[in-house]
Amino acid sequence: MKRPFWLLCSTTITLALLASCETSKPATDVSATAGSNTPGATSTAASGESMESNGIRLTPFSDSPKFPEAQMQMRAPVAGATLPSGEVAFDYQTTNFQLTKMSGGPHMAEMANSMKGQHIHNIVDNQPYTAHYDTKFTKAIPDGQHVVLSFLSRSYHESLKHLGAYDLTVINVGNTPAPATPIIDVKAPNLFYSRPKDTYSGVDAKRIMLDFYLVNTKLEPGGNRVRATINGTEFILNQWLPYQMEGLPAGENTVKLELIDGSGNMIAGPYNSVTRTFTVAP
C-alpha cells in the first residue's frame, strides 16, 4: 500500500508544480493599429500609434535628435516696426544650434533632406516658408501688415518645437496705414503650416513628412487637436509631433489642416485653417 500511496503523492505534487509554472508565464504584449479603412472615416491614434484609412498611413515619430538648449531670437525687424517698401532685412541670433550641420538620426535618410543642413524656416502670413542657412538675409515683402513666424529646423525640415526655438512677430512694410486691430493675436492659439511642400520623387516620395507649428496651445485627447484632411480623408491628431505619410498616390495631393477644440469646432484665428497642395512624382 505504501508504494502506490507514494506514487500518488508524487504525481499530485508534480502536477501542482506544473500548474504553478504555467500560470506564472508573462502575458503576451499585443499592440493594435488605430484607424479604419472605411472610406471617409476619421482616424484617431493613441501616442505613437499609426493611423491608416483609405490606403494612407500616418505615423507620428519623436525619436529625432534633440536640441533642448537651442535658442533663436529675431533681432531685426523688431515687433511692430514700420519698414521701407521692398526688401526686408532679417537678423537672427542662434545659440546651441549649428546652422548648415546635418542633423543625423534615423529619419534623415528616410525623408527629403536638405543637403545644405540645418536652417531657419521663415514664414510670412502663413505662406510657404523660405529656408535660410545664415542668420542674416533679406526677403521681399509687399506693403502692408504682416505676420512673421520663424523657427529652427533640422536638416530634413522638422521644426524644433520648444519655447525659445521660434519667434512670432507682426511688422508693417511701406506707407500703408496699419489696421486698428492687428491681423493676428500673437497671444491666442495659432496654427501654421510647414510641410509638405513642392515635389517629392524617388526615395523621398515613400515617406513624406507632415509638420506644422503651434503657438499658445497644446494638443491632447478631448482638448484642442488638429484635423488633417489628406486627399479627402480625415485624421485627428492629438499630439504635436511630426508625422510620416505613406501610401500617397502619384500626382497632386492635398493637405488641409484645421485647429479645432474638444467639440470639433474651429478655433478662431486667421491661419487656423489652411489648405496646400504638393506633388508626388510618378
For this session: Report yes or no: do Asp143 and Thr176 form a side-chain donor-acceptor pair below 3.5 Å?
Result: no

Exercise. Going by the angle between their ring planes, with limits at 30° and 60°, are Tyr200 and Phe278 parallel, tilted or perpendicular?
Worked result: perpendicular

For this session: Look at the rings of Phe97 and Phe67 and say which category their plane angle falls in: under 30° parallel, 30 to 60° tilted, over 60° perpendicular.
Result: perpendicular

Problem set entry | Sidechain-backbone polar pair: Arg154 side chain, Gln118 backbone, donor-acceptor under 3.5 Å | no

Exercise. What are the two closest heavy atoms between Leu160 and Tyr213, and how far apart are they?
Worked result: O-OH, 2.7 Å

For this session: Could you tell me how the ring of His157 sits relative to the ring of Tyr129: parallel (under 30°), tilted (30 to 60°) or perpendicular (over 60°)?
Result: tilted

Problem set entry | Step-by-step salt bridge (Lys or Arg N to Asp or Glu O under 4.0 Å) determination, Asp211 to Lys161 | CA-CA 11 Å; Asp211 199 26; Lys161 298 175 173 62; 2.9 Å; yes

For this session: Can you see which heavy atom on His107 is nearest to which on Asp63, and at what distance?
Result: NE2-OD1, 2.5 Å

Exercise. For Ser150 and Tyr92, does a side-chain donor sit closer than 3.5 Å to a side-chain acceptor?
Worked result: yes

Exercise. Would you say the side chain of Asn126 lies within less than 4.5 Å of the side chain of Tyr193, judging by non-hydrogen atoms?
Worked result: yes

Exercise. Is the backbone N or O of Arg207 less than 3.5 Å from a side-chain atom of Gln244, with the two atoms forming a donor-acceptor pair by type?
Worked result: no

Problem set entry | Ring geometry between His119 and Tyr133 (parallel below 30°, tilted from 30 to 60°, perpendicular above 60°) | tilted

Exercise. Are Asn122 and Lys139 linked by a side-chain donor-acceptor pair shorter than 3.5 Å?
Worked result: yes

